[in-house]
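See structure below.
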Amino acid sequence: MRTEIFAPVVLKYIPRTLEPHTFYISEVYGTTAHLCACGCRTKVFLPLSPAEWRVKFDEVGITVRPSVGNWEFPCRSHYFITQNAVQWAAAWDQVRVEDGRRKDGHDLDKYFDARKRRKFWRRLRGRLLGR
């Protein structure tokens with residue numbers, strides 16, 4: 001059975017057994033988990049970071065961006081989660097999936113390179129100021 005609405009649950013640890021229609025969020029460990037919205041019951045884990053997925057909370061519910069593309073699963077489902085509701089998106093062909101992966105890899109490299117530069121300058125400033 002497809003999921004049309006997710007119920008968000010914020011907790012420290014993601015449980016081993018996931019309940020349908022539930023979107024688990026571990027802010028401590030920067031990850032989320034849910035069963036695929038198509039109903040295939042495959043576990044979907046989304047790492048949270050500025051270069052990966054982001055979860056926005058508001059009074060209506062959660063919004064997850066970017067979309068969830070389950071390209072490695074037999075279902076190959078693709079959807080957005082907006083204010084707890086699943087919005088089905090068009091399927092991607094393999095060329096588009098590979099382009100998306102290259103872009104994601106580039107974004108991750110850029111994100112971690114920026115973190116390394118900030119860390120270097122923070123350490124240098126600390127040494128110069130005797131901290």
Given side chains that start at C-beta, do those of [X] and [Y] come closer than 4.5 Å, heavy atoms only?
X    : Y    : answer
V86  : F23  : no
I25  : F57  : yes
R41  : L18  : no
T32  : L48  : yes
H106 : D109 : no
L108 : E52  : yes
F45  : I14  : yes

Donor-acceptor check, side chain of [X] to backbone of [Y], threshold 3.5 angstrom: yes or no?
X   : Y   : answer
S26 : Y13 : no
S67 : G69 : no
R76 : W92 : yes
Y24 : E19 : yes

[Y] reachable from [X] in the ILVMFWY side-chain graph, under 4.5 Å edges:
X    : Y    : value
L35  : F6   : no
V10  : V64  : yes
F80  : F73  : no
L128 : F120 : yes
V55  : V44  : yes

Can you measure from [atom1] ([X]) to [atom2] ([Y]) and round to the nearest 0.5 angstrom?
X   : Y   : atom1 : atom2 : result
W53 : T31 : CH2   : OG1   : 9.5 Å
E4  : N84 : CD    : CG    : 13.0 Å
I5  : T22 : CD1   : OG1   : 12.5 Å
M1  : C40 : CE    : SG    : 15.0 Å
K43 : C36 : NZ    : SG    : 14.0 Å

Nearest non-hydrogen partners of Y79 and A37, listed with the distance: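 Shortest heavy-atom contact: OH-N, 3.4 Å.
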Ring geometry between H78 and W71 (parallel below 30°, tilted from 30 to 60°, perpendicular above 60°):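 Plane angle between 30° and 60°, so tilted.
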Carboxylate-amine/guanidinium contact D104 R101, below 4.0 Å: no
Residues K103, D99: salt bridge by 4.0 Å N-O rule: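 Not counted as a salt bridge, because no side-chain N and carboxylate O are separated by less than 4.0 Å.
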Between T82 and R65, a side-chain donor and acceptor under 3.5 Å: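 A donor-acceptor contact under 3.5 Å links the two side chains.
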